[in-house]
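Written below as C-alpha cells is the structure these notes are about.
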Amino acid sequence: MRVLGIESSCDETGIALYDSEKGLLAHALYSQIALHAEYGGVVPELASRDHIRKTLPLIDEVLDKAKLTRSDIDAVAYTAGPGLVGALLVGAAIGRSFAWALDIPALAINHMEGHLLSPLLEDNPPAFPFVSLLVSGGHTLLIDVQGIGDYQLLGESIDDAIGEAFDKTAKMLGLDYPGGPILAALAEQGTADKYDFPRPMTNRPGLDFSFSGLKTFAMNTWRDSEQTQQDKADVALAFQTAAVETLAIKCKRALKETGHKTLVVAGGVSANKALRARLDAMPHLEVYYPRPEFCSDNGAMIAFAGAMRESAMVKQDKPTFSARPRWPLDELSPP
Ligand code: KG4
Ligand code: ZN
C-alpha cells in the first residue's frame, strides 16, 4: 500500500510517500521559519495560510521525486491533532478532499504518534516494548509503548514543554527564533561548571516534569551577570545541562519502573547533541532516535503511521472531517 502523508500541525508543511513493502519513497518539507521570524514565534493565521499555498505543490514535488502519479496513491494519512487548529484543518481538508477525489481511504493521524513511531523508519528499528521520550515544542512525554497504538502515559510536563523552555530561554538571551537549536549551538562555547542550575522535580518520586522554574532560574542568572557574550554562552550551557540531566534522570526512572531495556527518543529536541550524548552513555541500554531531519515535524512520520494503521484505512462515505487541538496519546488504540 502506498500512503501519502500530510503534516501541517504547526509551522512546517511536510509531505511524504511511504510504501508498505518498499519503505519511504520520497519526502519534501517546507519550513515557515522565515515567515514567523520577524514575530519571534509562530503566528497561527499566517501558518494556516502558508499551508494552503504549499501543500499541493509539495504533493506534486513528492510524486515527481518518486516518479509516480496521483493514481498510484492508495491511501492518505493526515495529521488531525494535536496542534494549531487552523493549520490542522488545512491538512485535514486537503487530505480528505484528495482521498475523496481519488476514491481512496484517508486516515486521521495523531501527530505525537507520528513522532513516537519515527525512529521505526530507520534501518535496525527498535523492537517493542520500549519507553518513549517525546520531546518537542509542545510536549514532554514519557510513554510505556507495548505496540502500535498501545500507549500508557508515564509522565509529562506540568507546565512548559522542554522545547518551549529552550525557546523561551533563548528569546530571553536575545537569540533568534526558533531558539532551541541556536541556544544549543551557543552552549558549545559555554564554560563547564560555571553555573549549577537545579534539576527540577528530580528529588521527589514520579515521572512528571516542570521546566518553567528552570527557565526563570536562567533568566535571573543572566540578569545578575555582567551580560557578556561569554556569560550568555555560560547560561545557555548551564540551562541545557540541567534540562538534559533532568530528562536523563526521569528516563532512567521510567526504564526501572517498566523493566524495559530500550529507550526511544523523538521530537524536535531529540536532535539535541548533548541529550543524545548523555543518553547514549547510560549503561545496559539501547537508545534509538530518528535521523536528524525526521526529529522535527515531517510528512514521513505521518505517512509511516498511516501505513502501520493500514487495517483502519477505510473509505469514508460522509464528507466530514475534524481536527483536534488536543489529542492525548493514551486515547489511541491498536489498529
Ligand atoms: O517536534 P517539533 O519540530 O515541533 C513540535 O511538534 O513542537 O519540535 C520543535 C522544538 C522547538 O521548541 C525547537 O526549539 C526544539 O524542538 N529544538 C531543539 C533543537 N532542535 C529543535 N531544542 C534543543 N536543541 C536542539 N538541537
Ligand atoms: Zn512535532
Side-chain angles (χ1 to χ4, degrees), residues 5-14 16 29-33 36-37 40-42 44 47 51 78-84 87-88 91 109-119 132-141 156-157 160-173 175-188 190 209 211-212 214-215 218 236-237 239-248 265-279 289-302 304-305 324-327 329:
I6 303 177
E7 157 61 33
S8 71
S9 66
C10 190
D11 59 348
E12 256 121 19
T13 318
L29 186 81
Y30 177 81
S31 169
Q32 302 178 350
I33 284 177
H36 302 293
V42 180
H51 287 306
Y78 60 90
T79 304
L84 302 171
L88 290 166
I109 298 294
N110 181 299
H111 178 81
M112 297 313 291
E113 179 175 55
H115 278 305
L116 190 154
L117 298 178
S118 61
S132 172
L133 172 70
L134 296 180
V135 277
S136 71
H139 294 82
T140 318
L141 302 172
E156 63 186 328
S157 179
D160 291 351
I162 180 75
E164 188 181 358
F166 264 91
D167 293 342
K168 286 180 176 170
T169 303
K171 196 170 190 175
M172 177 273 294
L173 291 173
L175 306 179
D176 284 339
Y177 159 87
I182 298 174
L183 185 145
L186 180 64
E188 288 178 18
F209 302 92
F211 291 108
S212 82
L214 185 58
K215 174 195 68 192
L237 177 61
F239 169 83
Q240 175 174 267
T241 304
V244 163
E245 193 56 28
T246 304
L247 293 171
V265 191
V269 184
S270 69
N272 186 280
K273 287 187 203 146
L275 176 64
R276 288 188 177 214
R278 176 67 179 82
L279 297 176
Y289 312 88
R291 71 190 78 167
E293 67 174 327
F294 292 161
C295 287
S296 46
D297 295 347
N298 63 86
M301 66 184 194
I302 302 303
F304 180 71
R324 295 185 57 175
R326 291 180 187 279
W327 187 3
L329 264 180

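Counting convention: from 1, in listed order, for ligands and their atoms alike.
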Legend entry - Protein contact of atom 15 (C) of ligand 1 - nearest heavy atom, named by residue and atom, plus distance: V269 CG2, 3.8 Å
Inset, instruction - Considering just N/O/S atoms, say which atom of D297 is closest to the Zn ion (ligand 2). - result: OD1
Legend entry - Protein heavy-atom partner closest to atom 20 (N) of ligand 1 - residue, atom, separation in Å: G268 O, 3.4 Å
Inset, instruction - Check each heavy atom of H139 against ligand 1 and say whether those closer than 4.0 Å belong to the side chain, the backbone, both or neither. - result: neither
Legend entry - Nearest-neighbour protein heavy atom for atom 2 (P) of ligand 1, which is reported as residue plus atom name and distance: D297 OD1, 3.5 Å
Inset, instruction - Run the numbers for me: atoms of ligand 1, each under 4.0 Å from some heavy atom of G138, listed by number. - result: 7 (O)
Legend entry - Proximity of H111 to ligand 1 by residue part, where a heavy atom lies under 4.0 Å: side chain
Legend entry - Check: L116 and L134 side chains under 4.5 Å, non-hydrogen atoms: yes
Inset, instruction - Can you pull out the closest protein heavy atom to atom 9 (C) of ligand 1? Residue, atom name and distance to 0.1 Å, please. - result: G137 N, 3.8 Å
Inset, instruction - Identify, by name, the N, O or S atom of H111 lying closest to the Zn ion (ligand 2). - result: NE2
Inset, instruction - Return a yes/no value for E12: is any of its N or O atoms, backbone included, closer than 3.5 angstrom to an N or O of ligand 1? - result: no
Inset, instruction - Look at H115 and state whether any of its N, O or S atoms is less than 2.8 Å from the Zn ion (ligand 2). - result: yes
Legend entry - Identity and separation of the nearest protein heavy atom to atom 14 (O) of ligand 1: D167 OD1, 2.6 Å
Inset, instruction - With the side chain counted from C-beta on, respond yes when Y177 and D11 share a heavy-atom pair under 4.5 Å apart, and no when they do not. - result: yes
Inset, instruction - Answer with side chain, backbone, both or neither: which part of P178 has a heavy atom less than 4.0 angstrom from an atom of ligand 1? - result: neither
Legend entry - Result of checking P119, S132, S270 against V265 for side-chain contact (heavy atoms from CB on, under 4.5 Å): S270
Legend entry - Ligand-side contact atoms (ligand 1) for residue partner S296, heavy atom cut-off under 4.0 Å: 3 (O)
Legend entry - 4.5 Å side-chain heavy-atom contact, M172 and T169: yes
Legend entry - Trace of the ring-ring contact (aromatic ring centres under 6.0 Å, His included) decision for F166 with F239: CA-CA 8 Å; F166 264 91; F239 169 83; 5.1 Å; yes
Legend entry - Protein heavy-atom partner closest to atom 24 (N) of ligand 1 - residue, atom, separation in Å: N272 ND2, 2.9 Å
